[in-house]
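Take a look at the structure below.
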Amino acid sequence: MIHSTMDAQRLSISALLLLLPVPAFAFSAAGSTATAFIILVLGGFTLLNLVLNALFFFAGKYQSRRFSKVHTLGSLIVPLIALVLTVMDHRGFADIAFNLGLILVAIALALLPLQLTLSKRAPSQHSPLILALGAFVFLAIAYVIPPVVLFAVLVAHVALQSQPNNKTRIVSFAALFIGYPLMAYWLYQTLQMFTS
């Protein structure tokens with residue numbers, strides 16, 4: 001009997017609580033564009049760029065200071081876009097401090113090729129094959145995340161410029177043959193999304 005009375009009280013209290021008005025917290029998208037860009041685009045780019053750093057390091061591409069500088073300059077483009085978005089679209093100090101912290105980490109990781117140049121790791125006879133196979137790994141990821149095809153095409157071109165043998169040249173051209181149509185399809189789909 002006591003147990004059923006307590007259940008009835010709980011039920012009546014729950015019903016009364018459902019009738020109480022609660023404040024609605026509306027979401028405003030102001031200031032969230034930069035944060036979304038940083039988390040999704042800059043975060044993914046930085047992660048893939050770290051894989052690219054490892055691939056180029058083990059292939060001995062960072063022996064050339066020119067190659068390291070070009071890679072570093074290319075890697076700084078996305079963090080600089082994120083910086084411009086953060087300056088243009090922020091809500092307050094906490095928001096801008098969080099975004100700037102993430103951007104500084106991305107810039108530090110983008111400067112990694114300059115540090116890897118100091119190791120003077122020489123390319124081996126297998127370096128072009130490592131790069132060509134790396135292009136296919138990026139292609140496999142690109143079938144799930146289409147923008148990754150840009151990395152696959154880039155790595156395949158670097159593999160072709162590394163004096164490959166005939167087998168490696170065929171693998172690199174195959175990666176380009178698959179990569180360019182996939183990139184064109186992804187760009188077409190992206191354009192359709194923005195124009196419709």
Side-chain angles (χ1 to χ4, degrees), residues 22-57 61-62 64-118 131 134-135 137-158 161 175-176 178-196:
V22 292
F25 295 104
F27 174 74
S28 169
S32 62
T33 305
T35 304
F37 180 84
I38 288 170
I39 292 172
L40 297 175
V41 177
L42 183 62
F45 175 80
T46 302
L47 178 66
L48 290 172
N49 197 33
L50 285 174
V51 174
L52 206 60
N53 287 340
L55 188 64
F56 289 154
F57 175 74
K61 296 304 290 181
Y62 290 135
S64 164
R65 288 191 67 75
R66 183 176 179 275
F67 184 86
S68 298
K69 287 179 182 178
V70 169
H71 185 196
T72 301
L73 289 174
S75 299
L76 287 173
I77 293 171
V78 177
L80 292 177
I81 292 171
L83 182 63
V84 169
L85 279 174
T86 298
V87 169
M88 291 174 47
D89 184 33
H90 63 86
R91 276 186 273 189
F93 177 74
D95 183 48
I96 200 165
F98 174 74
N99 289 345
L100 287 177
L102 292 175
I103 291 169
L104 285 176
V105 169
I107 289 173
L109 291 173
L111 295 173
L112 189 60
L114 297 177
Q115 184 67 30
L116 292 174
T117 301
L118 300 176
L131 292 170
V137 170
F138 279 120
L139 272 178
I141 297 169
Y143 274 101
V144 180
I145 308 167
V148 178
V149 74
L150 298 170
F151 288 89
V153 168
L154 174 78
V155 172
H157 277 293
V158 172
Q161 294 175 352
L176 290 173
I178 296 169
Y180 273 117
L182 183 61
M183 184 167 52
Y185 180 72
W186 168 65
L187 289 172
Y188 172 75
Q189 291 293 328
T190 306
L191 217 82
Q192 289 296 324
M193 186 176 65
F194 284 116
T195 57
S196 61

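Just the heavy atoms: all of them, side chains too, but no hydrogens, waters or symmetry mates, feed the values below.
Residue pairs that meet the side-chain hydrogen bond (donor to acceptor under 3.5 Å, both in side chains) test with at least one member in residues 106-117, sequence neighbours left out, are Ser68-Thr117.
Applying the side-chain contact (heavy atoms from CB on, under 4.5 Å) test to Gln192 and every residue at least two apart in sequence or in another chain returns Tyr188, Thr195. Applying the side-chain contact (heavy atoms from CB on, under 4.5 Å) test to Leu50 and every residue at least two apart in sequence or in another chain returns Asn53, Leu109, Leu112.
Ring-plane geometry between Phe56 and Tyr62 is classed as perpendicular, the angle between the planes exceeding 60 degrees on a 0 to 90 degree scale with a lower cut at 30.
Ile38 is not listed as a side-chain neighbour of Phe98, based on a closest heavy-atom distance of 4.5 Å or more. Considering only heavy atoms from C-beta on, Val153 stays 4.5 Å or farther from Phe138 through its side chain. Side-chain contact between Val155 and Val137 is absent, with no heavy atoms from C-beta onward closer than 4.5 Å. At least one side-chain heavy atom of Phe37 sits under 4.5 Å from a side-chain heavy atom of Ile81. Contact check for Pro79 versus Leu42: side-chain heavy atoms found under the 4.5 Å cut-off. Using a 4.5 Å heavy-atom threshold, the side chains of Ile103 and Leu80 count as separate. Residues Val158 and Phe67 are in side-chain contact: their nearest non-hydrogen atoms beyond the backbone lie under 4.5 Å apart.
Here CG of Leu116 is found 11.0 Å from CG of Leu111. Values are rounded to the nearest 0.5 Å. How far CD1 of Ile77 is from OG1 of Thr72: 11.5 Å, rounded to the nearest 0.5 Å. Going from atom CG of Leu176 over to atom CG of Leu154 covers 10.5 Å, rounded to the nearest 0.5 Å. A distance of 6.5 Å separates CG in Leu83 from CG in Leu100, rounded to the nearest 0.5 Å.
Between Gly179 and Leu139, the shortest heavy-atom distance links the atoms CA-CD2, 3.8 Å. Nearest heavy-atom pair, Trp186 versus Pro146, reported as atom, atom and distance to 0.1 Å: CD1-CB, 3.3 Å. The two residues Ala156 and Ala135 make their nearest non-hydrogen contact at N-CB, 3.9 Å. The heavy-atom pair separating Asp89 from Ala34 by the smallest distance is OD2-N, 3.4 Å.
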Evaluate Asp95 against Thr86 for side-chain contact (heavy atoms from CB on, under 4.5 Å), listing each step before the verdict. CA-CA 9 Å; Asp95 183 48; Thr86 298; over 6 Å; no
Next on the checklist: Could you go through Val149 and Ile178, starting from their C-alpha distance and side-chain angles, then the distance that decides it, and tell me whether this counts as side-chain contact (heavy atoms from CB on, under 4.5 Å)?
Outcome noted: CA-CA 9 Å; Val149 74; Ile178 296 169; over 6 Å; no
For this session: In sequence, state the C-alpha distance, the side-chain angles, and the governing distance for His71 and Asn49, and then conclude on side-chain contact (heavy atoms from CB on, under 4.5 Å).
Result: CA-CA 10 Å; His71 185 196; Asn49 197 33; 2.9 Å; yes
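With a 6.0 Å radius and a threshold of 12 heavy atoms from other residues, nucleotides or ligands, Met88 has its CE atom at or below the threshold.
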